[in-house]
There are 2 protein chains.
Amino acid sequence: MKDKTTRDHIVEAADQLFYQQGYEHTSFSDIAHSVQISRGNFYYHFKSKDEILDAVIHVRLANTQKMLERWEIEGEQPVDRIRSFIHILIANRAKIKRYGCPVGTLSTELAKLDHGSKDEANELFTLFRVWLRRQFKLLGRKADADKLAMHLLARSQGVATLANAFHDEKFIKQEVKQLDDWLNSCVENTV
Amino acid sequence: MKDKTTRDHIVEAADQLFYQQGYEHTSFSDIAHSVQISRGNFYYHFKSKDEILDAVIHVRLANTQKMLERWEIEGEQPVDRIRSFIHILIANRAKIKRYGCPVGTLSTELAKLDHGSKDEANELFTLFRVWLRRQFKLLGRKADADKLAMHLLARSQGVATLANAFHDEKFIKQEVKQLDDWLNSCVENTV
DNA sequence: GACAGACTAGGATGTTTGTCCTAATCTACG
DNA sequence: CGTAGATTAGGACAAACATCCTAGTCTGTC
């Protein structure tokens, strides 16, 4: 467990702020203020704002990867693992209500900015997509595994977007219940 | 049919640009350039950028209202009307692929900016929600009409977000087919 | 054709942005 | 202790931004 360097602190603060305020709306001053560091000193660690975004995305990718591997170990059956995915909506419901889904909102923002790192941000979606696809295949849904993965991703995104817009946590629970039912019906329909 | 005033042109251009580039990322110069108007002249028509956003939102609200009323007239049965809603995903698929859903992306952005007009932007969602709820009630689903309306809204949002991230129009068609099936099953389960 | 009011152009203003520079301080090692 | 390299602070910089100002040009009316 190494000590956190200043660089790590910057990335961490940027990660939070990009999520809460959006990438463009977060200024260097915001990050500097949050890390309690001089604004100019910044450029010793990062050459540009884009470079910080890159670092944030890669940290998120690494963390997501780790989370998926953990679910793979903890969940005995593929169904349990997919359920882990569904239930992050519940676990993070307070933050989702306030800021939406960290993956979806960043992806949407970078698409509008036509930002150079938008493809890397979308890799976060791909990570989930590939992982879910594998779980559905293990479930015996070889033919339509990708379709199911995309369907589940889309429904999660929609839930996050509306929960954010309507500031409604109950809606998340309501929809998660339906997703659980849907998942069970996926198992029953195994070929 | 009155002539379009300069003000109308500004709102129209701002509407497009806010959709394509996002609100914050669209500058006065962008809009001025698009309308072929002097930048400074702007402030004769609008006191601030926020005021333009307000105008854009109200135009969108009015247009949405009109569209919903049209669907109400054209669709004989509630099912047909709800189907009209589902199929805007198909009709607008090219733009959705490039820029996402105009309602959802604006709502998400203003939430992050914590902008004063975010509630008004969310009224767009409410417009659809109330309208869909009414249709589901007419369908005989009195008890869970709002639940169904929210569910449908969420799924549409999710489809738009992922189609945008993955630049995938085929996914839209795939999911619309599933939504059509879902809608039919709603009719069958009428109490 | 003169005059008022609606409209426009283009530059000025002050602030905020990302970026860069330099001098100072810390840290580790000989 | 002394010195080199890593790290920091704080201000300088130009560009971009929303906003404001003023002088000019239309347009319709008497």
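Note that this is a predicted model, so its numbers are computed, not measured. Just the heavy atoms: all of them, side chains too, but no hydrogens, waters or symmetry mates, feed the values below. Order of the sequence lines sets the chain letters (A, B, ...), proteins ahead of strands, with each chain counted from 1.
With rounding to whole Å, B/I37 atom CD1 is found 12 Å from C/dG10 atom P. Distance NE2 (A/H33) to P (D/dA9): 13 Å, rounded to an integer number of Å. Between B/L53 atom CG and D/dA18 atom P there is a gap of 13 Å when expressed in whole angstrom units. Summarising the geometry, the separation between NE2 on B/H25 and C1' on D/dA16 is reported as 11 Å, rounded to the nearest angstrom. Remark: P of D/dC17 and CG of B/D30 are 7 Å apart, rounded to the nearest angstrom. When rounded to the nearest whole Å, the span between NE2 of A/H45 and C1' of D/dA6 equals 10 Å. Rounded to whole Å, the distance from NZ on B/K49 to C1' on D/dA16 is 12 Å. In this structure, B/L17 atom CG and D/dA18 atom P are separated by 12 Å, rounded to whole Å.
In this structure, A/Y43 and B/Y44 both approach DNA chain C, and ranking their closest nucleotides by distance from the 5' end singles out B/Y44.
Taking every side-chain heavy atom of B/S38 into account, C/dA9 is the closest of D/dT7, C/dA9, C/dT19. Of the candidate nucleotides C/dA12, C/dT19, D/dA9, C/dA12 has the atom nearest to the side chain of B/R39. Nearest nucleotide to the A/N41 side chain, out of D/dA18, C/dT19, D/dT8: D/dT8.
Using a 30° and 60° split on the angle between ring planes, A/F125 and B/F166 fall in the tilted class, from 30° to 60°. Using cut-offs of 30° and 60° for the angle between ring planes, the A/F85 and A/W71 rings count as perpendicular.
Checked by atom type and distance alone, the side chain of A/R60 pairs as donor or acceptor with a backbone atom of A/D15 at under 3.5 Å.
For B/T6, a side-chain nitrogen or oxygen approaches OP1 or OP2 of C/dT8 to under 4.0 Å.
Annotation: A/F28 is in aromatic contact with A/Y43 [ring centroid separation under 6.0 Å].
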